Trainee: 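Submitted below is the structure of interest, expressed as structure tokens.
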Amino acid sequence: MAAVHRVLIQGGGVGGLTLAAALGQRGIEVDVVEASGPDAVLGVGLSQPNNALAALDEIGVRDACLEVGFPFEPLAIWNPAGVQVAAIPPADGRYGKPSNNAIGRPVYNRILRDAAEKAGARIRTGATVWDMTEDADGVEVELATWTGKRTPPVRDLGTASNRYDLVVGFDGLNSRIREHLFGDRYTPVYTGSACWRVTMPRPADLTHIAFAISGPAKAVLTPISDAQMYVGLVTPEPGNPRFDSADFVRLVKERMQGFSGRIGEMRDNITEDSYVSYAPLYHVTVREPWFRGRIAIAGDAAHTSTPHMAQGAAMAVEDAVTLAAALDEHQTLDRALDSWFHRRRDRALFVADMSLALLKQESGGDDLTPDEAELLELGIPGAQARIAQEAY
């Protein structure tokens, strides 16, 4: 990998840690800085479709994820009373079985962090990029300490800046690296909806993902281990309100009132001790190259997806392993980054665009663009088949 010898990754989530492991295993010196504190892992759980599992196999963690997660095959469709009315079988493709695995976010993060550290990556939490100065031969980076969302970062005074061959922003929706590259040209747009997630014990007979729609609310039930599951609830939230976390339990139960039967029982079992998270859903897609010079973005920083395809984190993992491969395959950084972008662009943007189209359809479809209407003609099975059959 002659193009780079030292890399800084901003963002210690799924994509950033996967890239850190992939580069470290190739003998590259890697630093990871993550703005959240050491115990902050955002999210409850997520799906690992088989394309993500194949990419994770490249860094040697597929089996570890399957061991602690919950593998499954079909996607079940329930009515609002929790009775199954249909099932969507997994699409045949190049990635093998199991077709899906669901996993708790904290344990997933731990698996990836262990792989990155084993590969030699240095990980610093509670830190972020303060400033970057690029020249033809590298990027000088100054860092800052960050103690939380409600406090500004504090520049690391009295410490030397660090020099890197490449800086990669896997720093999510509100990416500071994207802002450095593009200014305010890619401001995330609120979709009008949000996602609630509630962790609870898994019923013994819930052996795959199931979803149901009641009025404006969509509930997705996801087993993430032998013992646990979570309910994801997508609801319209006009005006992008800000709620007090002390009200989350009451609010999520109110939004589940249209469900009965098994789903109603799950709602009634939510207590004040239940863990409930709330996340407004935004959309941003960068359609021009995701890099300039020696600075690049990937994952949600470049193409944010709503949860409707269950592929957002998978796209970040694919971005990571393909970037590492491109740096292996090309002798110069500009050729490596250009090759990587053109390999990833259409696939990642398809997932982002299809996810948004599905959200709009479920919300009434009044603002669908002609391109989105065309995407919806594929349906979920057609979209899954395209992803399953394409090489990442």
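Computed from a prediction, not measured in an experiment: that's the story for all the values here. What you see below is based on every heavy atom in this structure, not just the backbone, and it leaves out hydrogens, waters and symmetry mates.
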Trainee: Are the side chains of D319 and F170 in contact, using a 4.5 Å heavy-atom criterion?
Mentor: yes
Trainee: Can you pull out every salt bridge (Lys or Arg N to Asp or Glu O under 4.0 Å) where at least one residue sits in residues 81-91? Sequence neighbours excluded, please.
Mentor: none
Trainee: Hey, what do you get for CZ (R255) to CZ (R267), rounding to the nearest 0.5 Å?
Mentor: 14.0 Å
Trainee: Got a donor-acceptor contact below 3.5 angstrom from the N101 side chain to the Q48 backbone?
Mentor: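 Such a contact is absent between N101 side chain and Q48 backbone.
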Trainee: Step through the shown structure and confirm whether more than 12 heavy atoms of other residues, nucleotides or ligands are within 6.0 Å of CZ on R250.
Mentor: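 Yes, the 6.0 Å shell around CZ holds more than 12 heavy atoms from other groups.
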Trainee: Under a 3.5 Å distance rule, please check whether T306 uses its side chain to pair with a backbone N or O of S355 as donor and acceptor.
Mentor: yes
Trainee: Specify the closest pair of heavy atoms between I59 and A21, including all atoms of both residues, with the distance to one decimal.
Mentor: CD1-CB, 4.1 Å
Trainee: With sequence neighbours left out, what residues match N100 under side-chain hydrogen bond (donor to acceptor under 3.5 Å, both in side chains)?
Mentor: none
Trainee: Salt bridge (charged side-chain N to carboxylate O under 4.0 Å, His left out) with R122: which of E29, E34, E117?
Mentor: E29
Trainee: Which atoms form the tightest heavy-atom contact between G379 and M354, and what is the distance?
Mentor: O-CE, 3.8 Å
Trainee: Do I111 and V68 have side-chain heavy atoms sitting under 4.5 Å apart?
Mentor: yes
Trainee: Going by atom types only, do R124 and T145 share a side-chain donor-acceptor pair under 3.5 Å?
Mentor: yes
Trainee: Specify the closest pair of heavy atoms between E372 and D367, including all atoms of both residues, with the distance to one decimal.
Mentor: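 Answer, listing the atom of E372 first, then D367: OE1-O, 4.0 Å.
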Trainee: Hey, what do you get for OG1 (T128) to CG (L143), rounding to the nearest 0.5 Å?
Mentor: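 Taking OG1 in T128 and CG in L143, the distance rounds to 8.0 Å.
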Trainee: Given side chains that start at C-beta, do those of L8 and M132 come closer than 4.5 Å, heavy atoms only?
Mentor: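 Of all side-chain heavy-atom pairs linking M132 with L8, none is under 4.5 Å.
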Trainee: V317, V32: one ILVMFWY side-chain cluster at the under-4.5 Å cut-off?
Mentor: yes
Trainee: Which pairs with one or both residues in residues 65-75 pass salt bridge (Lys or Arg N to Asp or Glu O under 4.0 Å), sequence neighbours excluded?
Mentor: E73-K97
Trainee: Which heavy-atom pair separates I213 from P80 by the least distance, and what is that distance?
Mentor: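 Residues I213 and P80, closest heavy atoms: O-CG, 3.3 Å.
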Trainee: Roughly how far, to the nearest 0.5 Å, is the CZ atom of R163 from the CZ atom of R6?
Mentor: 10.5 Å
Trainee: Mind checking whether S277 and R105 have side chains closer than 4.5 Å, heavy atoms only?
Mentor: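 The answer is no; the side chains never approach within 4.5 Å.
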Trainee: Taking only residues at least two apart or on different chains, which pairs with a member in residues 288-309 satisfy salt bridge (Lys or Arg N to Asp or Glu O under 4.0 Å)?
Mentor: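 Those involving residues 288-309 are R185-E288.
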Trainee: For M266, what are the other residues in its hydrophobic cluster, where any two members join if their side-chain heavy atoms are less than 4.5 angstrom apart?
Mentor: W78, W196, V198, M200, L206, L221, M229, V231, L233, F243, F248, V249, L251, V252, M256, F259, I263, I270, V276, Y278
Trainee: Applying a strict under-4.5 Å side-chain criterion to I, L, V, M, F, W and Y, I'd like to know whether V220 and F72 cluster together.
Mentor: yes
Trainee: Side chains of P98 and L53: closer than 4.5 Å at any heavy-atom pair?
Mentor: yes
Trainee: Counting only heavy atoms not in R345, do more than 12 fall under 6.0 Å of its CZ?
Mentor: yes
Trainee: Is there a side-chain contact between F350 and L378 in this structure, where contact means two heavy atoms from C-beta onward sitting under 4.5 Å apart?
Mentor: yes
Trainee: Does the side chain of D371 reach to within under 4.5 Å of the side chain of D353, using non-hydrogen atoms?
Mentor: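 Side chain of D371 against side chain of D353, heavy atoms only: no contact under 4.5 Å found.
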Trainee: Identify which one of T322, I28, L166 satisfies the side-chain contact (heavy atoms from CB on, under 4.5 Å) criterion when paired with L327.
Mentor: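 So the option named by the test is L166.
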Trainee: Could you go step by step and tell me if V284 and T187 meet the side chain to side chain contact (heavy atoms under 4.5 Å, CB included) rule?
Mentor: CA-CA 7 Å; V284 62; T187 302; over 6 Å; no
Trainee: Would you mind reporting whether N240 and Y282 have side-chain heavy atoms less than 4.5 Å apart?
Mentor: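 A side-chain contact under 4.5 Å exists here.
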Trainee: Is there a path of hydrophobic side-chain contacts, each under 4.5 Å between heavy atoms of I, L, V, M, F, W or Y residues, that connects L75 with Y230?
Mentor: no
Trainee: Side chains of R176 and N174: do they bring a donor and an acceptor to under 3.5 Å?
Mentor: no
Trainee: Check for a donor-acceptor pair, side chain of D135 on one end and backbone N or O of G138 on the other, with a separation under 3.5 Å.
Mentor: yes
Trainee: Which pairs, with at least one residue in residues 362-392 and sequence neighbours excluded, count as a ring pair (Phe, Tyr, Trp, His ring centres under 6.0 Å)?
Mentor: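 Output for this query lists Y95-Y392.
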Trainee: Thinking salt bridges, do R343 and E318 make one under a 4.0 Å N-O criterion?
Mentor: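 A salt bridge is absent here (no side-chain N lies under 4.0 Å from a carboxylate O).
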Trainee: Could you tell me if D338 and H330 have a donor-acceptor pair between their side chains, going purely by distance under 3.5 Å?
Mentor: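 No, no side-chain donor-acceptor pair sits under 3.5 Å.
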Trainee: Applying the 4.5 Å side-chain criterion to the ILVMFWY set and letting contacts propagate, would Y164 and I123 be lumped into a single cluster?
Mentor: yes
Trainee: Side chain to side chain contact (heavy atoms under 4.5 Å, CB included) for L112 and L56? Distances and angles first, verdict last.
Mentor: CA-CA 9 Å; L112 292 175; L56 290 167; 3.9 Å; yes
Trainee: Please round to the nearest 0.5 Å and tell me the distance separating atom OG of S339 and atom CD of E329.
Mentor: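 Rounded to the nearest 0.5 Å, the OG-CD separation comes out at 6.5 Å.
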Trainee: If you measure from CG on L356 to NE2 on H308, what distance do you get to the nearest 0.5 Å?
Mentor: 9.0 Å
Trainee: What residues, two or more places apart in sequence or in another chain, satisfy ring pair (Phe, Tyr, Trp, His ring centres under 6.0 Å) together with F211?
Mentor: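 Ring pair (Phe, Tyr, Trp, His ring centres under 6.0 Å) check on F211 returns nothing, list empty.
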Trainee: Is it the case that atom CD in E374 sees more than 12 heavy atoms from other parts of the structure closer than 6.0 Å?
Mentor: no
Trainee: Using atom types as modelled and distance alone, determine if a side-chain donor or acceptor of S175 lies under 3.5 Å from a backbone N or O of I177.
Mentor: yes
Trainee: By ring pair (Phe, Tyr, Trp, His ring centres under 6.0 Å), which residues pair with W340, not counting sequence neighbours?
Mentor: W290
Trainee: With sequence neighbours excluded, what pairs up with T332 under the side-chain hydrogen bond (donor to acceptor under 3.5 Å, both in side chains) test?
Mentor: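 T332 satisfies side-chain hydrogen bond (donor to acceptor under 3.5 Å, both in side chains) with D334 once adjacent residues are dropped.
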Trainee: Members other than F70 in its cluster, when Ile, Leu, Val, Met, Phe, Trp, Tyr link by side-chain heavy atoms under 4.5 Å?
Mentor: none
Trainee: Grab the two heavy atoms, one from P236 and one from S193, that are nearest each other, plus how far apart they are.
Mentor: CA-OG, 3.9 Å
Trainee: How long is the span from the CD1 atom in I9 to the CG atom in L17, to the nearest 0.5 Å?
Mentor: 8.0 Å
Trainee: For residues 200-225, pull every pair meeting side-chain hydrogen bond (donor to acceptor under 3.5 Å, both in side chains), keeping only residues two or more places apart or in separate chains.
Mentor: D205-R262, K218-E362
Trainee: Could you give me the CA-CA distance, side-chain angles and deciding distance for V14 and Y108, then say whether side chain to side chain contact (heavy atoms under 4.5 Å, CB included) is met?
Mentor: CA-CA 8 Å; V14 169; Y108 189 16; 3.6 Å; yes
Trainee: Mind checking whether L46 and V351 sit in one hydrophobic cluster, side chains of I, L, V, M, F, W, Y counted as touching below 4.5 Å?
Mentor: no
Trainee: For residues 383-392, which residue pairs qualify under salt bridge (Lys or Arg N to Asp or Glu O under 4.0 Å), counting only residues two or more places apart or in two chains?
Mentor: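 Found R347-E390, R386-E390.
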Trainee: Taking all heavy atoms of S305 and all of A352, pick out the closest pair and write down the distance.
Mentor: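 Where S305 meets A352 most closely, the heavy atoms are OG-CA, 3.4 Å.
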Trainee: Evaluate the criterion side chain to side chain contact (heavy atoms under 4.5 Å, CB included) for residue pair M315 and R344; output intermediate values, then yes/no.
Mentor: CA-CA 9 Å; M315 291 299 105; R344 294 297 303 150; 3.5 Å; yes
